[in-house]
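Here the structure is laid out as C-alpha cells; the discussion comes afterwards.
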Number of protein chains: 2
Amino acid sequence: MVQFVHPARGDITLEGVLAALADPMRLRIVKVLLGQADCLSCTAAAPCPDMAKSTLSNHFRVLREAGLIRTTKKGVENRNTVREADINARFPGLLKAILKHAGE
Amino acid sequence: MVQFVHPARGDITLEGVLAALADPMRLRIVKVLLGQADCLSCTAAAPCPDMAKSTLSNHFRVLREAGLIRTTKKGVENRNTVREADINARFPGLLKAILKHAGE
DNA sequence: TTCAATAGTCCCATATTTCCGAACTATTGA
DNA sequence: TCAATAGTTCGGAAATATGGGACTATTGAA
C-alpha cells in the first residue's frame, strides 16, 4: 500500500517552510492541527468552509511537500498531523516562534 | 521632504513578515543587511548581481511595506536597514529564529 | 551652468503561479 | 450494487512576479 510521500527530515528546507506558512490559510491549518491532540481530516482542518475542495487539497499538498504535515489514508478520509518533532529537529524553535503569534 | 513610508510597529503583520521572507532573494537581502553594522544601498545588498534593477527594486518595496526594513535617501542611493527593534517588539524571537537557519 | 554618470522607480508586456469548477477515483455503508 | 463522502486531478481564468526600457533625482566634473 503506497502512502503519500513526505520529504525526509533533512530535506525540510527553511525556504519551503516559510513559503508554506506564508499563506494565511495554510498557517491557520497548521495552527488548528497543532491545537488538536489527534489527527484531523482535510475538511475538519479547513480554515473556511466555503473554500473550494480543490484549493484546500492543494494547500494540504503544499504543506506535505514542505514537510510540515504527514498524511495517511484512513478509510475515506485523510488523517493529517503536524510533523512537529521533525521540524523541531531540523529548525529548533522556528515553528514555535512563528505559531506563537499566529491568529492574533 | 517626504521619505519612504513604513508601517508603524503595530502594523507589522506576521503574514506580511512571512510572505516577505518566504522569497529566497528577500531572505538573503535581510540576512546581508543584518550582517552589516551600517546601512547598505540596494545594489550593495543585492543577492545576485545579474538580477534586473526593477525586480530588485520591487523586492525592497515588499520588504519596506512588510515593515522589515527602513529606507532613507542619501544622495543618489538608498540607505537600508533592518527594523530589528520594531520587529522584535512586535514578534519577539521570530526574526532570530528564522535567520538562524538562513543560508545553510 | 551644463552634462554625463549613477541609483532607483514606474510602466507595461510576458511568464509564472494560484484558484476554482467539474470530472474522476477510492472507500464505506446501506 | 448503489449512493454518499473525501480527496485528487485537470484545464481555463484570475492574480502575481519578472524584467526591459523609459523616467526621475542627485552628484560630481568640465
Side-chain angles (χ1 to χ4, degrees), chain A residues 1-6 13 15-30 32-33 36 38-66 68-82, chain B residues 1-6 13 15-30 32-33 36 38-66 68-82:
Chain A
M1 179 205 191
V2 176
Q3 291 283 19
F4 295 112
V5 176
H6 309 272
T13 67
E15 194 177 317
V17 170
L18 291 180
L21 295 182
D23 182 284
M25 295 301 164
R26 290 193 289 264
L27 186 62
R28 287 170 64 184
I29 290 172
V30 171
V32 167
L33 285 177
Q36 210 74 12
D38 208 1
C39 299
L40 279 185
S41 71
C42 292
T43 38
C48 39
D50 56 338
M51 171 178 290
K53 281 197 307 176
S54 51
T55 305
L56 187 60
S57 178
N58 184 58
H59 282 318
F60 274 92
R61 185 179 56 76
V62 172
L63 288 172
R64 269 195 301 273
E65 291 180 356
L68 284 171
I69 65 172
R70 171 174 291 113
T71 305
T72 55
K73 277 225 152 188
K74 168 91 176 207
V76 76
E77 66 183 23
N78 288 356
R79 302 176 58 77
N80 300 287
T81 43
V82 178
Chain B
M1 181 202 190
V2 176
Q3 290 282 17
F4 294 112
V5 176
H6 310 273
T13 68
E15 192 178 319
V17 170
L18 292 179
L21 294 182
D23 182 285
M25 294 303 163
R26 289 193 290 263
L27 187 62
R28 287 170 65 186
I29 290 172
V30 171
V32 167
L33 284 178
Q36 210 74 13
D38 208 1
C39 300
L40 278 185
S41 70
C42 293
T43 38
C48 39
D50 55 339
M51 171 178 290
K53 281 196 307 175
S54 51
T55 305
L56 186 60
S57 178
N58 183 58
H59 282 319
F60 274 92
R61 186 180 54 76
V62 172
L63 289 172
R64 268 195 302 273
E65 290 179 357
L68 284 171
I69 65 171
R70 170 175 291 114
T71 305
T72 55
K73 276 225 150 187
K74 167 90 175 208
V76 76
E77 67 184 23
N78 288 355
R79 301 174 60 77
N80 300 286
T81 41
V82 178

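Just so you know, these numbers come straight off a predicted model, no measurement behind them. Chain letters run A, B, ... following the sequence lines, proteins first and then strands; every chain starts at 1.
A/Leu63 has its CG atom 13 Å from the P atom of C/dT18, to the nearest Å. Spacing between atom CE of A/Met25 and atom P of C/dC19 amounts to 9 Å, rounded to whole angstrom units. Straight-line distance from the NZ atom of B/Lys53 to the C1' atom of D/dT24: 11 Å, rounded to whole Å. As a whole-Å value, the separation of B/Ile69 CD1 from C/dG8 P is 11 Å. In this structure, the CG atom of B/Leu40 is 14 Å from the C1' atom of C/dA7, given to the nearest Å. Rounded to whole Å, the distance from CG on B/Asp23 to P on C/dT17 is 12 Å. Going from atom CD of B/Glu77 over to atom C1' of C/dG8 covers 11 Å, rounded to whole Å. Between B/Glu65 atom CD and C/dC10 atom C1' there is a gap of 14 Å when expressed in whole angstrom units.
For D/dT8, the OP1/OP2 oxygens have a side-chain nitrogen or oxygen of A/Ser57 closer than 4.0 Å.
Nearest nucleotide to the A/Val76 side chain, out of D/dG7, D/dG20, C/dT27: C/dT27. Each of D/dT8, D/dG20, C/dG8 was ranked by its minimum atom distance to the side chain of B/Asn78; first place goes to C/dG8.
Residue whose closest nucleotide on DNA chain C sits further toward the 5' end, between B/Phe60 and A/Asp50: B/Phe60. With DNA chain C read from its 5' end, the first of the two nearest nucleotides for B/Leu56 and A/His59 is the one closest to B/Leu56. Both A/Arg79 and B/Arg26 lie near DNA chain D, and the one whose nearest nucleotide falls closer to the 5' end is A/Arg79.
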* Asked: Given the rule in the side-chain contact (heavy atoms from CB on, under 4.5 Å) test, do A/Cys42 and A/His59 qualify, once you have shown the distances and angles that lead to the verdict?
  -> CA-CA 10 Å; A/Cys42 292; A/His59 282 318; over 6 Å; no
* To do: Give the C-alpha distance, both sets of side-chain angles, the deciding distance and a yes or no for side-chain contact (heavy atoms from CB on, under 4.5 Å) between B/Ser41 and B/Lys74.
  => CA-CA 9 Å; B/Ser41 70; B/Lys74 167 90 175 208; over 6 Å; no
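Among the protein residues, B/Thr55 comes within range of the nucleic acid bases, having at least one heavy atom under 4.0 Å from a base atom. Looking at heavy-atom distances under 4.0 Å, B/Thr43 makes contact with sugar-phosphate atoms alone, never a base. Across all strands shown, B/Arg64 has heavy atoms under 4.0 Å from sugar-phosphate atoms exclusively, and none from any base.
By the 4.5 Å heavy-atom criterion applied to side chains, A/Thr71 and A/His6 are counted as neighbours.
Under 3.5 Å, the side chain of B/Ser54 and the base of D/dG19 form at least one donor-acceptor pair of N or O atoms.
Atoms CG and CG, from A/Asn80 and A/Leu40 in turn, are 7.5 Å apart once rounded to the nearest 0.5 Å.
Checking C/dA30 for Watson-Crick or G-U wobble geometry (two distances, each under 3.5 Å) identifies D/dT1 as its partner.
Of the possible donor and acceptor atoms, none in the side chain of B/Arg79 sits under 3.5 Å from a partner among the backbone N and O of B/Cys39.
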